S.K.: 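Got a structure for you, written out below as structure tokens; questions coming shortly.
In what follows, residues are counted from 1 in the order of the sequence shown. The figures that follow rest on heavy atoms only: side chains count, while hydrogens, waters and symmetry mates do not. Note that the structure is predicted; figures quoted are calculated from it, not measured. Note that ligands are numbered from 1 as they come in the structure, with each ligand's atoms numbered from 1 the same way.
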Amino acid sequence: MNLTDLYDFEKEARNSMQREHWTYVSAGAHDDQTLKRNESALQDLSIYPRFLSDVTNRNLSTTVLGQEISFPVATAASGPWYYAHPDAEVAVAKATERSGTISMQPTNAGTFSFAEVAASTNSPLWLQLYHSDDEITEYLVTTAADHGCKAICLTIDIPISGSPDPRLRSTGLLLPKLLQDGNLRERPDLVDKYSKEGLRTLTWDRLEWLKSLTGLPLVLKGIRTVDDSIRAVDHGVDGILVSTHGGRYLDGSPSAIEILPKVYEAVGSQIEVYMDSGIRRGTDVLKALALGAQAVFIGRPVFWGLAVGGENGVFSVLEILRRELDIAMAFCGINRVPEIDGKILSWE
Ligand SMILES: Cc1cc2nc3c(=O)[nH]c(=O)nc-3n(C[C@H](O)[C@H](O)[C@H](O)COP(=O)(O)O)c2cc1C
């Protein structure tokens, strides 16, 4: 089996995953407008290569919130990684450790707790947080902090519970059960406190409370507008992850790559900006970095890697992106990640 790019992994994963699980992972919301636009808008951007520079000594390393990573790609959190492989969260973190990058671990893990993942690898880990109840959040973030978590990444782009599309309502995917089997395994007493109404109770004015629980950097995942970006800075947030949640909620919002340069222009001089949604190629990584992203995250490709080969599959997916980015940088006359800028790109 010779899988040379992420689309090969996607095809292979589609063949090996249960049909219902595949549908849940690959679907967007409603008409898939944002899902498709995430990829097509990236493809609409043209790269203008520059030649006759010495590019023999390329270095893809960079930093994220002061943490050195070997290249600017990390894995985004997703709930049911076990749909693709039983080693789920641990497999992903072992792969990111080998690739020298960050693994964002999910609240709705369903298989392993953050503490168990931390005990299995030396990968830098972030905790992706879904808020449902103050006591649960306090337990999740302080436990993560005790186990070496580098940042709390609060997902803000699901203000009410319930999936917008029947394809996203996978049978058996009950959120309290995912907590019970994963991050709350040591604290079953807290599972009863889970409330789907809780999503609504974490508002701008309470971010200070969230930050005060650990003192860890706080990243907001899912910002789509300049206004919310400025608000985030005003509320002391440390980073913004521009994301459309992979086009899975609110169909019709622009793609992440269209939003990114606006957010970067508004707040990029004050805090780090990252992007996910639609990254499938090293050239996509290059484009996002050229428009201001400090690093990018991948969502569905993690499932594809897991389905094909567990830890090794995710590692291969990351290494393919590294290789493709390296080549793209060479063709643009770029040796180092901070040299990537908007001059190499055009929407025409
Ligand atoms: C099946 C699936 C489950 C997801 N679960 C979560 C989650 O639990 N928390 C979260 O913040 N984002 C979740 N996401 C969104 C990803 O973190 C990420 O933002 C998105 O997948 C990036 O887009 P991409 O799939 O095009 O790379 C999920 C995405 C998928 C496909």
S.K.: Sequence neighbours excluded, which residues qualify as side-chain contact (heavy atoms from CB on, under 4.5 Å) partners of Thr56?
M.R.: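 Thr56 satisfies side-chain contact (heavy atoms from CB on, under 4.5 Å) with Asp54 only.
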S.K.: Might you work through the side-chain hydrogen bond (donor to acceptor under 3.5 Å, both in side chains) test for His30 and Asp165, ending with a clear yes or no?
M.R.: CA-CA 6 Å; His30 294 150; Asp165 190 290; 5.4 Å; no
S.K.: For residues 289-304, dump all side-chain donor-acceptor pairs below 3.5 Å to protein atoms at least two apart in sequence or in another chain.
M.R.:
from, atom 1, to, atom 2, distance (Å)
Gln294, NE2, Thr63, O, 2.8
Arg300, NE, Val25, O, 2.8
Arg300, NH1, Gly246, O, 3.2
Arg300, NH2, Ala27, O, 3.0
Arg300, NH2, Gly246, O, 2.8

S.K.: Identify, chain by chain and in numerical order, each protein residue with a heavy atom under 4.0 Å from an atom of ligand 1.
M.R.: Tyr24, Val25, Ala76, Ala77, Ser78, Gly79, Gln128, Tyr130, Thr155, Lys221, Ser243, His245, Gly246, Arg248, Asp276, Ser277, Gly278, Arg280, Ile298, Gly299, Arg300, Pro301, Phe303
S.K.: Side chains of residues 65-74: which donor-acceptor pairs under 3.5 Å do they make with residues two or more places apart or in other chains?
M.R.:
from, atom 1, to, atom 2, distance (Å)
Ser70, OG, Ser99, O, 2.5
Ser70, OG, Arg322, NH1, 3.0
Ser70, OG, Arg322, NH2, 3.2

S.K.: Does Leu210 reach the side chain of Thr137, with side-chain heavy atoms less than 4.5 Å apart?
M.R.: yes
S.K.: Please find the pair of heavy atoms, one from Pro106 and one from Gln128, that lie closest to each other, and give the distance.
M.R.: CA-OE1, 3.4 Å
